[in-house]
Amino acid sequence: MWTEAALGSAFVLFLLIIWRKRALTPVATVSAGVLGTLIYTWTGWPGTAALLTFFVSSTALSRLNKQEKEQRDSWQVWANGGPMLMFAALFSVTSWEGLLAAAAGAAAASNADTWASEIGRRFGGRPLHVRSRKRIDNGFSGAVSGAGTLGAVGGAFLVGGVVCFVSLEPAVFMFIAVGIAGVCGCFIDTFLGAYAERLNHCIVCGSYTEADVHHERKTMHVSGISWMTNNAVNALSSFGGGMVVVVLYIVSFFSF
């Protein structure tokens, strides 16, 4: 009981710190608290460690690369954490290890995507757009670079390593499955960003952007699926990462 109270107090203190550092909006801070509480309730430390590894490492990288420290809103919190929460809920009902690993795989996919974007932006130069096969400016979805790909691998396997470290029965297969799922989820994000994500045109400056509002004016939809926002892409890629783990566990079950 005292351990649970201490952990709860530490988590609340952590949320207060990230809110004071303006990493999250107030509403997003509450959302992160709800998400973290449910993840811990349903998965214990393995899922919680995966969630914290994603949030701490990706937030640190994002803020290092931006002079103006942007705050994540509640939509971003649930887009990245919602699929993980779904797999965690299913694990709480079934106790199947594959679903616990899937929750970690969803977090690994989100972490891999952020690491790919931030490391690619700093060290990868102008990335190659998957659809147009042309070099484009940093900041747009659907592009890849060598440095960004290495970043994705590092971000994915970091989550896998942390989850296995805190698990009661560390498993090499879980580490590999979560890492592979994270990288696959990142590539799902890239292809959705290139072929399906909504792209808008700013009528003020004439540039193309993923934002709905640019220069304080509403942008015009010019390509992509209208509802496929960046948050939708993040949610689908995170869910895809979790599903990759489920498939790997099912295949391994029938293989041995």
Side-chain angles (χ1 to χ4, degrees), residues 10-11 14 17-18 21 23-24 32 35-36 39-40 43-66 72 76-77 79-85 87-88 91 97-124 127 144-190 234-235 237-246 248-249:
F11 185 61
F14 171 73
I17 290 173
I18 60 177
K21 292 292 184 180
L24 296 176
L35 178 65
I39 292 293
Y40 178 75
T43 68
W45 270 113
T48 306
L51 179 64
L52 289 176
T53 301
F54 155 62
F55 184 78
V56 173
S57 66
S58 62
T59 299
L61 279 177
S62 298
R63 288 166 70 81
L64 282 175
N65 269 354
K66 296 173 182 175
R72 296 188 183 191
Q76 290 171 297
V77 170
N80 286 288
M84 182 184 185
L85 187 65
F87 289 115
F91 171 72
E97 183 185 281
L99 289 170
L100 174 61
S110 296
N111 204 45
D113 177 54
T114 304
W115 277 47
S117 298
E118 301 303 332
I119 291 177
R121 183 176 300 165
R122 174 165 288 196
F123 302 108
V144 296
S145 68
T149 301
L150 290 176
V153 173
F157 279 91
L158 174 64
V159 174
V162 170
V163 171
C164 288
F165 179 77
V166 301
S167 297
L168 294 177
E169 297 180 1
V172 174
F173 182 76
M174 178 183 286
F175 167 69
I176 295 174
V178 170
I180 291 175
V183 176
C184 289
C186 181
F187 282 117
I188 291 172
D189 186 283
T190 299
N234 288 340
S237 61
S238 179
F239 175 76
M243 288 305 299
V244 168
V245 175
V246 171
L248 289 175
Y249 266 77

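What you see is a predicted model, and the numbers here were worked out from it, not measured in a lab.
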- Which atom pair, heavy atoms only, marks the closest approach of G182 to A112? O-CB, 3.4 Å
- Message: Restricting to non-hydrogen atoms, name the atom on A101 and the atom on M174 that form the minimum distance, rounded to 0.1 Å.
- Response: CB-CG, 4.1 Å
- Listed by chain and number, what are the ring-ring contact (aromatic ring centres under 6.0 Å, His included) partners of F239, not counting sequence neighbours? F87
- Query: Looking only at heavy atoms, what is the nearest atom pair of V246 and A102, with distance?
  - Reply: CG2-CB, 3.9 Å
- Any side-chain heavy atom of N80 sitting closer than 4.5 Å to one from F55? no
- Item | Contact summary for A109 and G185, nearest pair of heavy atoms | CB-CA, 3.8 Å
- Side chain to side chain, N234 and Q76, heavy atoms closer than 4.5 Å: no
- Message: Rounded at 0.5 Å granularity, tell me how far CD1 in I188 sits from CE in M243.
- Response: 10.0 Å
- Evaluate whether atom CZ of F187 has more than 12 neighbouring non-hydrogen atoms of other residues, nucleotides or ligands under 6.0 angstrom away. no
- Query: How about Y40 and L51: do any of their side-chain heavy atoms sit closer than 4.5 Å?
  - Reply: no
- Query: Which atoms form the tightest heavy-atom contact between V163 and A104, and what is the distance?
  - Reply: CG2-CB, 3.8 Å
Please tabulate, for side-chain N and O atoms in residues 144-161, each donor-acceptor pair with protein atoms closer than 3.5 Å (sequence neighbours left out).
unit_1 : atom_1 : unit_2 : atom_2 : d
S145   : OG     : G148   : N      : 3.0
T149   : OG1    : S145   : O      : 2.9

- Query: Roughly how far, to the nearest 0.5 Å, is CG of L61 from CD1 of I119?
  - Reply: 5.5 Å
- Item | Pair N111, S57: side-chain N/O donor-acceptor within cut-off below 3.5 Å | yes
- So do S237 and D113 actually touch side chain to side chain, heavy atoms under 4.5 Å? no
- Taking all non-hydrogen atoms of both residues, which atom of T48 and which atom of I39 are closest, and how far apart? N-CG2, 3.7 Å
